[in-house]
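Report on the structure given below.
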Amino acid sequence: MAQFVLRRNMRFQEAVPVRYRGHGLAGDGILQDLSLSGARIRGITPVVSGMVLELDITVPGEKIPLRVDRAAVQWVRGLDFGVELTPQRDVAQRITRLIADMVQRQHGA
């Protein structure tokens with residue numbers, strides 16, 4: 001029987017471009033399921049669990065990418081991987097605003 005798991009944080013589910021770098025590598029990918037605590041990425045450059053990356057996330061409608069200085073790779077499945085985020089306060093506020101805007105678009109005011 002499948003188990004139902006309730007997520008701790010709401011997520012920005014739109015797929016957006018992301019650049020990631022760290023440990024002498026750099027890659028581009030698509031980021032999904034962004035929350036204050038993590039995200040899922042499908043990249044073109046392989047990573048390994050335990051790596052710490054820096055992310056530049058393209059935010060729809062904004063000129064400046066969202067920079068996350070610390071994204072620790074938690075799991076890897078091929079070119080898909082999950083990261084745990086440790087965002088600075090201003091970045092956390094931008095992520096919160098993105099999620100709130102998405103919820104408002106989906107469910108109305």
Side-chain angles (χ1 to χ4, degrees):
M1 181 173 182
Q3 185 178 16
F4 179 75
V5 177
L6 188 62
R7 292 189 181 217
R8 192 169 43 134
N9 295 308
M10 293 193 67
R11 295 184 173 256
F12 180 79
Q13 296 178 329
E14 293 180 27
V16 295
V18 64
R19 288 201 140 156
Y20 55 94
R21 64 192 154 280
H23 295 279
L25 66 83
D28 293 312
I30 299 296
L31 180 139
Q32 291 182 293
D33 294 335
L34 175 65
S35 77
L36 281 176
S37 62
R40 180 173 48 120
I41 298 172
R42 169 160 284 176
I44 61 169
T45 303
V47 299
V48 296
S49 187
M51 291 177 104
V52 177
L53 304 172
E54 184 177 274
L55 307 178
D56 285 324
I57 303 166
T58 301
V59 177
E62 295 190 24
K63 294 179 183 179
I64 300 171
L66 179 64
R67 171 152 303 159
V68 176
D69 293 332
R70 183 172 170 72
V73 178
Q74 299 297 302
W75 57 265
V76 178
R77 288 185 201 106
L79 292 174
D80 289 348
F81 59 98
V83 292
E84 179 180 39
L85 304 179
T86 309
Q88 295 177 332
R89 180 177 288 225
D90 60 327
V91 174
Q93 289 171 341
R94 282 182 73 188
I95 293 171
T96 300
R97 195 168 53 248
L98 276 172
I99 294 169
D101 289 349
M102 180 198 65
V103 169
Q104 186 173 11
R105 281 194 314 273
Q106 289 178 347
H107 302 289

CD1/Ile30 to CD1/Ile44 distance, rounded to the nearest 0.5 angstrom?
10.0 Å
List for me each residue that meets salt bridge (Lys or Arg N to Asp or Glu O under 4.0 Å) alongside Arg21, sequence neighbours excluded, and say none if there are none.
Glu54, Asp56
Nearest-0.5 Å distance that lies between atom CG in Leu55 and atom CG in Leu66
8.5 Å
Less than 4.5 Å apart, side chain to side chain, heavy atoms only: is that true for Leu36 and Thr96?
yes
Residue pairs, two or more places apart or on separate chains, that pass salt bridge (Lys or Arg N to Asp or Glu O under 4.0 Å) and touch residues 43-53:
none
Please find the pair of heavy atoms, one from Gly22 and one from Met51, that lie closest to each other, and give the distance.
O-CE, 4.1 Å
For residues Val48 and Phe81: do they belong to one hydrophobic cluster (side chain heavy atoms under 4.5 Å, members Ile, Leu, Val, Met, Phe, Trp, Tyr)?
yes
Taking atom CG of Asp90 and atom CZ of Arg67, what is their separation to the nearest 0.5 Å?
12.0 Å
Donor-acceptor contact below 3.5 Å, side chain Thr45 vs main chain Ala26
yes
Taking all non-hydrogen atoms of both residues into account, name the closest pair between His23 and Val52 and its distance.
NE2-N, 3.3 Å
Any idea which heavy atoms bring Leu85 and Ser35 closest together, and the distance?
CD1-O, 3.5 Å
To the nearest 0.5 Å, what is the distance between CG (Leu34) and CZ (Arg40)?
12.0 Å
Test of understanding: with salt bridge (Lys or Arg N to Asp or Glu O under 4.0 Å), list the residues that count as partners of Arg42, not counting sequence neighbours.
Asp80
Within this structure, what is the CD1-OG1 distance for the pair Ile64 and Thr58, rounded to the nearest 0.5 Å?
12.5 Å
Set of residues satisfying salt bridge (Lys or Arg N to Asp or Glu O under 4.0 Å) with respect to Glu62, sequence neighbours excluded
Arg94
Pairs flagged by ring-ring contact (aromatic ring centres under 6.0 Å, His included) wherever residues 34-57 is involved - sequence neighbours left out
none
Any non-hydrogen side-chain atom of Leu31 less than 4.5 Å from a side-chain atom of Pro17?
no
For Gln93, the side-chain contact (heavy atoms from CB on, under 4.5 Å) test, sequence neighbours excluded, returns Arg89
Short question: side chain of Tyr20, backbone of Leu25 - any donor-acceptor pair under 3.5 Å?
no
Quick one: are Val16 and Val59 in side-chain contact, heavy atoms under 4.5 Å?
no
